[in-house]
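Here, residue 1 is the first one in the sequence, and each next residue gets the next number. No hydrogens, no waters, no symmetry mates; every other heavy atom, side chains included, goes into these values.
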Amino acid sequence: MEIRKSGMTTASGQANLSPIFYFLFFLSPVLSGCGVPGEPVPPSPPIPVAVTDLAAVQAGDGVLLTCTLPNKSTRGQRLTGVPTLEVWRGSLRLDGTPDPNSFHVADTVPGAVLSGYVQQGKVQFHDAIPPEEVRAHPGETVVYRVRTRISEKKASADSNDIALDLYPVPERIDTLEARVTENNIQLKWSAPTRTSGGEPLTEIREYRVYRGELDPASAPAAEKDLHAAKWRLPLLQITSTTATEYQDAGFDFGKTYAYVVRSVVSQKGGPLESSDSAPAIVTPKDIFPPAAPQDVVAAVLPGSSPGAPVVDVSWATNLETDLAGYRIYRSEREEARGQLLTRELLPTPSYHDTSAPAGRRIWYTVTAVDRAGNESVPSAAVAVEIP
């Protein structure tokens with residue numbers, strides 16, 4: 001008798017499959033589909049938290065916006081990059097509330113360049129407004145809000161709203177002259193006669209002079225656009241004046257400075273500045289020598305041995321604060337400077353000459369030298385008779 005076992009092959013070569021095999025065979029695709037992971041889902045880009053300290057003030061032909069950039073997302077994660085800033089501008093309804101439908105993107109500052117607008121931990125961005133718009137609607141109220149974004153897909157929530165009234169300002173001062181003298185940098189400019197919108201200007205309240213210190217390497221770019229400047233010290237007001245000139249005595253030779261002047265008018269009882277003047281960028285160099293030493297006297301004294309006299313030369317101390325020392329010259333002709341007797345600068349106003357030739361008439365002159373290497377003209381020559 002032929003015996004058949006489940007799952008085995010019969011003598012005739014045909015397989016005898018059990019019901020369990022068929023169950024597993026049909027179930028395997030289902031199990032396989034459940035065990036294979038799907039395509040990886042990229043993490044959602046972070047959404048910055050909303051700006052809460054937006055401030056705004058009219059600055060010339062535009063509005064200076066100030067705010068702190070967010071450094072965390074809405075999930076509390078720290079942002080790894082500088083977000084892009086969107087500036088939104090709108091208007092008010094008749095009831096004095098912001099009109100949501102009036103807002104539009106006035107400007108967008110990519111994160112790659114936004115760090116250049118950060119000063120003292122806050123973004124300071126100037127939103128320019130055409131003067132013609134302000135001229136057509138003087139005193140009109142505008143409303144600002146900002147958003148930030150890391151990705152193009154999702155921006156932060158709106159910041160707080162800031163409303164302010166805009167008024168015409170004086171036209172920009174086109175030319176600012178700077179002249180370096182020994183004691184000051186002299187600035188001069190012309191008074192504007194019109195507003196930036198082209199209307200006659202009635203009165204200038206004052207001028208404000210600002211100065212900042214630049215990285216010298218950025219000076220050529222800053223002359224074209226101050227936003228390209230690399231500041232060692234930011235622009236700060238150093239004076240206000242009603243004149244169209246100013247002398248800055250608080251400078252240091254060798255540093256690179258940028259000056260701008262803003263005209264100021266009164267609007268609603270408060271001061272309102274124009275836009276920056278054309279910048280004056282200057283690196284003052286000390287090319288100014290000290291004054292010639294005064295009151296030079298010379299006397300022949302006995303030397304340490306017979307026939308070896310010593311000539312004592314002295315003079316009044318120079319008063320320059322950058323004085324480095326003195327040089328003394330000896331000549332056998334009154335009109336010639338002659339031989340330099342000192343290889344190093346003399347720190348004090350006196351010198352003992354132990355090498356004067358005997359039996360001659362000798363003339364001495366003295367010069368003063370400052371720390372920049374500028375040498376004065378010679379002092380008056382003083383003569384002695386060497387026995």
Side-chain angles (χ1 to χ4, degrees), residues 54-66 87-92 96 98-99 102-107 109 117 124-144 161-178 187-212 222-229 234-246 258-281:
L54 179 65
V57 63
Q58 183 174 355
D61 294 316
V63 175
L64 181 65
L65 301 170
T66 304
V87 177
W88 291 71
R89 188 197 310 153
S91 57
L92 297 177
D99 181 2
S102 68
F103 281 89
H104 63 281
V105 177
D107 217 323
V109 189
Y117 293 88
Q124 295 187 8
F125 178 75
H126 187 267
D127 178 38
I129 297 178
E132 296 77 14
E133 293 185 13
V134 180
R135 176 183 178 179
H137 306 283
E140 184 177 25
T141 303
V142 294
V143 186
Y144 280 92
D161 288 337
I162 291 292
L164 71 162
D165 302 333
L166 299 182
Y167 294 93
V169 297
E171 62 185 348
R172 175 178 185 256
I173 295 172
D174 287 332
T175 303
L176 177 60
E177 299 177 356
L187 302 173
K188 290 186 178 182
W189 60 92
S190 298
T193 59
R194 296 182 177 275
T195 68
S196 57
E199 296 176 306
L201 190 62
T202 57
E203 183 181 6
I204 297 291
R205 171 173 167 171
E206 63 184 10
Y207 302 97
R208 294 176 181 173
V209 181
Y210 292 79
R211 183 188 69 193
E223 288 182 348
K224 299 177 182 178
D225 183 1
L226 274 182
H227 285 116
L235 281 173
L236 296 173
Q237 183 181 342
I238 58 174
T239 193
S240 61
T241 177
T242 56
T244 55
E245 59 182 31
Y246 175 69
Y259 293 91
V260 297
V261 177
R262 300 171 189 166
S263 308
V264 181
V265 293
S266 296
Q267 289 289 357
K268 282 193 173 180
L272 184 59
E273 293 185 336
S274 70
S275 296
D276 289 343
S277 69
I281 298 177

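S275 places a side-chain N or O within donor-acceptor distance of the main-chain N or O of D61, the cut-off being under 3.5 Å. In terms of modelled atom types and a separation under 3.5 Å, the side chain of E199 and the main chain of R135 share no donor-acceptor contact. Here the side chain of R89 pairs no donor or acceptor atom with the backbone of A106 at under 3.5 angstrom. In this structure, R172 contributes its side chain and D276 its backbone to a donor-acceptor pair below 3.5 Å. Distance alone, capped at 3.5 Å, is enough to place a donor-acceptor pair between the S277 side chain and the V261 backbone.
Closest approach of S102 to S91, counting heavy atoms only: OG-N, 2.9 Å. Contact between V264 and E273 at its shortest, heavy atoms only, is CG2-CG, 4.0 Å. Nearest heavy-atom pair, Q267 versus P168, reported as atom, atom and distance to 0.1 Å: NE2-O, 3.7 Å. Closest of all the heavy-atom pairs between P192 and I204 is CG-CD1, 4.0 Å. Closest of all the heavy-atom pairs between A243 and Y207 is O-CD1, 3.3 Å. Of all non-hydrogen atoms in L65 and A56, the two that sit nearest each other are CD2-CB, 3.6 Å.
The shortest distance between side-chain heavy atoms of Q58 and V169 falls below 4.5 Å. Using a 4.5 Å heavy-atom cutoff, the side chains of S263 and I173 are in contact. Here the side chains of E140 and L166 are not in contact, with every heavy-atom distance at 4.5 Å or above. Considering only heavy atoms from C-beta on, T195 stays 4.5 Å or farther from P131 through its side chain.
The OG1 atom of T239 sits 11.0 Å away from atom CZ of R211, with the distance rounded to the nearest 0.5 Å. Rounded to the nearest 0.5 angstrom, F125 CZ and Y144 OH are separated by 9.0 Å. In this structure, I162 CD1 and T66 OG1 are separated by 10.0 Å, a value rounded to the nearest 0.5 Å.
In summary, E206 and R208 engage in a salt bridge, as defined by a charged side-chain N under 4.0 Å from a carboxylate O.
Taking the centre of each ring, H227 and Y117 come in below the 6.0 Å mark.
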For the pair Y246 and I238, evaluate side chain to side chain contact (heavy atoms under 4.5 Å, CB included) and give the outcome as yes or no after the intermediate values. CA-CA 10 Å; Y246 175 69; I238 58 174; 3.9 Å; yes

Before giving the answer on side chain to side chain contact (heavy atoms under 4.5 Å, CB included), spell out for L201 and T193 the whole-Å C-alpha distance, their side-chain angles and the decisive distance to 0.1 Å. CA-CA 5 Å; L201 190 62; T193 59; 5.6 Å; no

Let me see the working for L226 and V260 under side chain to side chain contact (heavy atoms under 4.5 Å, CB included), right down to the final yes or no. CA-CA 10 Å; L226 274 182; V260 297; 3.7 Å; yes

